[in-house]
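For reference, the structure discussed in these notes is given below.
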Amino acid sequence: MKKLSVLLGALLLSASPVLADDLVYLECEGKSVTTIKELKSNQILKKEETTETTHHKFDLVNSRLMSADNPQWEEVKIVDGVVVLDEESTEDGFDIKVNASWRIVPPGRFTADGLFINDTTSTTFKARGMCKGIDESEFEKALKEAQS
């Protein structure tokens, strides 16, 4: 779930990438819509739209990413400059499906769709946004702000 939250935080949000020793630094802005439904009645219990700006560092050589608000490396699949996520798992009683793509070289659009479902509720989310290249100092500034 940690990897998923890192990526979603990132997804909840185009210029040339800033490369330094095979590292790419991005600032991403996006909008997400999360809907929680009760399965028995199909009634919407909660619907929330959020907009967020996030900061990320990608290690292209080792296929991993780190976010300013979660500064631990997470392994990801990077194909032709795009982070690709297509996962199914079960955690804490929820069946989870996530499909996402995130253009990092060159920076561009990201999309993510997910479903969390258990015996009583389903939670769906859709996230869309854009990323732009930043330099290492901007990422480090965001990292310090997130830690304070």
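Owing to the predicted nature of the structure, the values given are computational and were not obtained by experimental measurement.
No side-chain heavy atom of Lys132 sits under 4.5 Å from any side-chain heavy atom of Leu26. Inter-residue side-chain proximity for Lys47 and Val33 is flagged as met; some heavy-atom pair is nearer than 4.5 Å. Looking at heavy atoms from C-beta onward, Met130 lies in side-chain contact with Arg109 at the 4.5 angstrom threshold. Side chains of Glu138 and His55 form no contact here, defined as non-hydrogen atoms less than 4.5 Å apart. Side chains of Val105 and Leu60 form a contact here, defined as non-hydrogen atoms less than 4.5 Å apart. Within the 4.5 Å cutoff, the side chain of Asn118 has heavy atoms near those of the Thr121 side chain. Within the 4.5 Å cutoff, the side chain of Thr54 has no heavy atoms near those of the Glu27 side chain. Proximity of Glu91 to Ile96: side-chain heavy atoms (C-beta onward) are separated by under 4.5 Å at one or more points.
For the atom pair OG (Ser122) and CG (Asn42), the distance works out to 7.5 Å, reported to the nearest 0.5 Å. Atom NZ of residue Lys46 and atom OG1 of residue Thr34 lie 8.5 Å apart, to the nearest 0.5 angstrom. Between atom OG of residue Ser67 and atom CH2 of residue Trp73 there is a gap of 10.0 Å, rounded to the nearest 0.5 Å. The distance from atom OG1 of Thr111 to atom CZ of Arg103, rounded to the nearest 0.5 Å, is 11.5 Å.
The two residues Ile78 and Ser63 make their nearest non-hydrogen contact at CD1-CA, 3.9 Å. Ala100 and Ala112 get closest at one heavy-atom pair: CB-CB, 3.8 Å. Annotation for Ala146 and Asp69: closest pair CB-CA, 3.9 Å, computed over non-hydrogen atoms. A pairwise comparison of heavy atoms in Ile104 and Val83 identifies CD1-CG2, 4.0 Å as the closest pair. When all heavy atoms of Cys28 and His56 are compared, the pair lying nearest together is SG-CD2, 3.8 Å. Scanning all heavy atoms of the two residues, the minimum distance from Asn70 to Met66 falls at O-CG, 4.2 Å.
In this structure, Phe58 has its ring center closer than 6.0 angstrom to the ring center of Trp102.
At a threshold of 4.5 Å between side-chain heavy atoms, the hydrophobic network of Ile, Leu, Val, Met, Phe, Trp and Tyr places Leu143 and Leu23 in one connected group.
Looking at Thr35, Ile117, Asp113, Ile36 one by one, the single match for side-chain contact (heavy atoms from CB on, under 4.5 Å) with Thr124 turns out to be Thr35.
Summarising the local packing, CZ of Arg64 is surrounded by more than 12 heavy atoms from other residues, nucleotides or ligands at distances under 6.0 Å.
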Next on the checklist: Leu65 vs Asp59, test: side-chain contact (heavy atoms from CB on, under 4.5 Å). Steps then yes/no.
Outcome noted: CA-CA 6 Å; Leu65 75 85; Asp59 178 342; over 6 Å; no
Checklist entry - Would Ser137 and Glu140 count as a side chain to side chain donor-acceptor pair (under 3.5 Å) if you check the C-alpha gap in whole Å, the side-chain angles of each, and the deciding distance to 0.1 Å? => result CA-CA 5 Å; Ser137 66; Glu140 293 300 327; over 6 Å; no
Next on the checklist: Under the criterion side-chain contact (heavy atoms from CB on, under 4.5 Å), I'd like the reasoning laid out for Phe116 against Lys97: C-alpha separation, chi angles, the key distance, then a yes or no.
Outcome noted: CA-CA 7 Å; Phe116 296 72; Lys97 287 184 175 187; over 6 Å; no
Checklist entry - Between Val82 and Asp80, is a side-chain contact (heavy atoms from CB on, under 4.5 Å) present by the stated rule, with each step listed? => result CA-CA 6 Å; Val82 177; Asp80 296 329; 5.5 Å; no
Checklist entry - Under the side-chain contact (heavy atoms from CB on, under 4.5 Å) criterion, do Lys37 and Leu45 qualify, and how do the steps go? => result CA-CA 5 Å; Lys37 285 185 179 182; Leu45 302 175; 6.0 Å; no
